[in-house]
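The structure under discussion appears below in the form of structure tokens.
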Amino acid sequence: MLARLRPYLSTAALALLIFYFAVHAFTGEGGLLRSNQRDATLLAKQRELAQVTAQRRDLEVRAQLLRDQSLSADLLEERARSLLGFADPRDYVIRMKP
């Protein structure tokens, strides 16, 4: 009986191999049936990229304001006073509880 099936064994093995790859092409991690999940992941990553890009632009603007060429003396004085707690004798200081 095995002698009769021997010519078909290579064909059966090839058919099983094709079936295996076909199943994984549809249901595997990168399969065709997972396209909705990939689209949702792509959309989430695009939103995250937009958020990180906006944060980077904000940081670049802040860094630009700290450079010597564009440093505002008034802005620097105001920031130093608020951080250090100093005030000019001519200033009105209103203390508030945090």
Using distance only, find each side-chain donor-acceptor pair of residues 42-57 under 3.5 Å and give its atom names and separation, not counting sequence neighbours.
residue	atom	partner	partner atom	Å
Thr53	OG1	Leu49	O	2.7
Arg56	NE	Glu60	OE2	2.8
Arg56	NH2	Glu60	OE2	3.4

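- Taken to the nearest 0.5 Å, the CZ atom of Phe26 stands 14.0 Å off from the CZ atom of Arg34.
- The CG atom of Leu16 sits 11.0 Å away from the OG1 atom of Thr11 when rounded to the nearest 0.5 Å.
- To the nearest 0.5 Å, atoms CD (Gln37) and CG (Asp39) are separated by 10.0 Å.
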